[in-house]
Amino acid sequence: MKYAIVLAAGKGTRMKSSINKVMHPIADKPLIGHLVDRLKKLNVDQIDVVVGYQQEQIREYLKDSVRYSEQHEQKGTGHALLHVDSLKDKKGKTIILYGDCPLVQTETMEMMFKEGENSDLVVLSAKLEEPGVYGRIVRNSLGEIIRIVEFGDANQEQRRISEINTGIYCVDNELLFKYLPQITNNNHSQEYYLTDIVELFTKNGHKVKSVRVDDINEVMGINDRKQLAKADAWLKERINNHWMTEGVTIVDPQNTYISEDCVIGQDTTIHPNVVIKGKTVVGTNTVITSNSWLENATIGDNTRIESSKIIDSRVDNNCTIGPFAHLRMNTHVMDDNRLGNFVEFKNTIFHKNSRCAHLTYLGDCEVGEDVNIGCGVVTVNYDGKNKYRTKINDGAFIGSNCNLIAPIVIGKNAVVAAGSTISKDVLDNDMVIERAESITKKEGGLKYKNKKKLEGDKK
Ligand code: UD1
Ligand code: CA
């Protein structure tokens, strides 16, 4: 059996924030989300998160995708583990991760389990030019790891050690819970250090091994906002490099923000300042121009999204959207469509080969094929209490500046003349005009202008 424990009960004081440290996002996802998502890929049998300080935020986010253990008082990483009751007495290997060290890649976690197969405890270490305040790996004359000394407790000589503890371990689960109660808090911080487990294991003849991580950035611990920004930049670069390797053109990778769970097709071009969030999928040969924001969007092939916002919605193939369109709440724009500037669709289905080129709001609406929506059309879908649906059937033509008061159905090939406000269904093939008769005053325009001029002269 394989288990995982993520420690996330600490206060994260150095963040100076009302948000839990592990809930701060990098690449669009909370730190703890990155770890849990990667652990899920590994198919571990149980993931346990130790929570304490501001635990509601973590529970609200992770919901029941993990088990929780509560540590009410934060007395150190060793003390935190003692609270994982659900894993006590269980046979197997456990990977331990710190919630504030979110960049560890799935392959590294996998490697830890692999190394754990023939050792009782594996510690992931790293060699740093500037080892800072990380815990130091202490070895004997044979080069074997004997213990970890925390920076605060280290003497001058130990502080010069450049090999550090990353805080990632793979350990025999039964031995872990056997030795945890023996950890004391006789140290500089008066905390129960999990790192003391190394010495307990070596002293009792258990096999301890350390493995070095290849890329030290993976084990970057995040304790303050500067480290948060550094981790974000690293992850962003990694994600962008991945998509460029897969054949996506990213014009300005420094200023392109793609979340880890997005998928982008070959020969798609992404212009500067684009944000692609959530679980967005973009097809092939599509162009996304500057300042577009796609969130949980599905975009097809050969489509052009110009400076637009698309949230929880779908745009299929060969479409042109924007500039400055806003599609949201389960909107679905099918193939061969064109939406122009200042068009907002909410919960709207737009079938193939239709047009909506300017200044329009369609809400709770279904539009058929080959429909033309003129400039400035508004579905009046809300009466202050309830929302109602509009249906516009195939081939209909809605003139400019019309209001369609829902619930309403516009028939096939029907025409709604420009400037109409209509509240009754229009049957197939009919035309409806709703306009007041206009009155013409002969030369009234000239008179009006002259009167205005006289008034101006008097002043
Ligand atoms: C820890 C390690 C250090 C290592 C470094 C790597 C210990 C004693 N030290 O130091 O050797 O180099 O990580 O980043 O383990 N936590 C709890 N309950 C507690 C205390 C902490 O859940 O009572 C959680 C925190 O929320 C955090 C993680 O454990 O996610 C690590 O705690 P932190 O205080 O940041 O440890 P470091 O001082 O960074
Ligand atoms: Ca830390």
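Whatever order the structure lists them in is the order used to number ligands and atoms, beginning at 1. Small disclaimer: the values here were computed from a predicted structure and weren't measured.
Atom numbering of ligand 1 starts at 1 in the shown order; those under 4.0 Å from a heavy atom of Asn223 are 35 (O). Each of the following atoms of ligand 1 lies closer than 4.0 Å to a heavy atom of Gly135: 3 (C), 4 (C), 11 (O), 12 (O). Below 4.0 Å from some heavy atom of Lys75 lie the following atoms of ligand 1, by number and element: 23 (O). If you number the atoms of ligand 1 from 1 as listed, the ones under 4.0 Å from a heavy atom of Gly10 come out as 16 (N), 17 (C), 22 (O), 25 (C), 26 (O). Near Gln71, the atoms of ligand 1 lying under 4.0 angstrom from a non-hydrogen atom of the residue are 17 (C), 18 (N), 19 (C), 22 (O), 23 (O). Against a heavy-atom cut-off of under 4.0 Å, Thr166 is close to the following atoms of ligand 1: 6 (C), 14 (O).
In this structure, Arg136 forms no cation-pi arrangement with Phe151, as its terminal cationic atom is not both closer than 6.0 Å to the ring centre and no more than 45° off the ring axis.
The protein heavy-atom contact nearest to atom 20 (C) of ligand 1 is Gly76 C, 3.7 Å. Atom 32 (O) of ligand 1 has Thr77 CG2, 3.9 Å as its closest protein atom, hydrogens excluded (heavy atom only). For atom 14 (O) of ligand 1, the closest non-hydrogen atom on the protein side is Tyr134 CE2, 3.7 Å. In this structure, the protein non-hydrogen atom closest to atom 9 (N) of ligand 1 is Glu150 OE1, 3.0 Å.
In this structure, Thr195 is part of the shell of residues with a heavy atom less than 4.0 angstrom from ligand 1. Within the 4.0 Å heavy-atom shell around ligand 1 one finds Ala8.
In summary, the side chains of Tyr192 and Asp196 do not present any donor paired with an acceptor at a separation below 3.5 Å, with no hydrogens or angles considered. Lys21 and Asn223 are linked by a side-chain donor-acceptor pair at a separation below 3.5 angstrom, with hydrogens and angles left out of the test.
Using a 4.0 Å cut-off between a side-chain N of Lys or Arg and a carboxylate O of Asp or Glu, Lys346 and Asp364 qualify as a salt bridge. Looking at Asp37 and Lys29, a side-chain N of the basic residue comes within less than 4.0 Å of a carboxylate O on the acidic one, giving a salt bridge.
Of the candidates Arg238, Lys41, Arg38, Glu260 forms a salt bridge (charged side-chain N to carboxylate O under 4.0 Å, His left out) with just one, namely Arg38. Evaluated for a side-chain contact (heavy atoms from CB on, under 4.5 Å) with Ile270, the options Asp252, Asn240, Ile258, Val282 yield exactly one hit, Ile258.
The shortest N or O to N or O distance between Leu7 and ligand 1 is under 3.5 Å. Any N or O atom pair closer than 3.5 Å counts here, and Tyr98 shares at least one such pair with ligand 1. Considering backbone and side-chain atoms alike, Asn165 places an N or O below 3.5 Å from some N or O of ligand 1. At a 3.5 angstrom cut-off on N or O pairs, Ala9 counts as close to ligand 1.
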field: Worked verdict on Lys88 versus Asp85 for salt bridge (Lys or Arg N to Asp or Glu O under 4.0 Å)
entry: CA-CA 5 Å; Lys88 279 176 190 160; Asp85 294 324; 2.8 Å; yes

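Per-atom contact check: atom 30 (O) of ligand 1 touches the protein, criterion being a heavy-atom distance below 4.0 Å. Closer than 4.0 Å to atom 26 (O) of ligand 1 lies at least one heavy atom of the protein.
At least one donor-acceptor pair closer than 3.5 Å links the side chain of Lys236 to the backbone N or O of Gln254.
The nearest non-hydrogen atom to atom 35 (O) of ligand 1, considering only Asp196, Val133, Asp100, Thr13, comes from Asp100. Of the candidates Arg14, Lys11, Glu191, Lys21, it is Arg14 that places a heavy atom closest to atom 38 (O) of ligand 1.
Rounded to the nearest 0.5 angstrom, Ile373 CD1 and Arg338 CZ are separated by 13.0 Å.
The minimum heavy-atom distance linking Gln74 with Gln71 is given by the pair NE2-O, 2.8 Å.
Counting heavy atoms under 4.0 Å from ligand 1, residue Ala80 touches it through the side chain alone.
Within 6.0 Å of the NZ atom in Lys11, the count of heavy atoms belonging to other residues, nucleotides or ligands does not exceed 12.
Annotation: angle subtended at the Ca ion (ligand 2) by Asp100 OD2 and Asn223 OD1 is 80°, to 10°.
Under the 30°/60° scheme for interplanar angles, the aromatic rings of Phe350 and Phe345 are found to be tilted.
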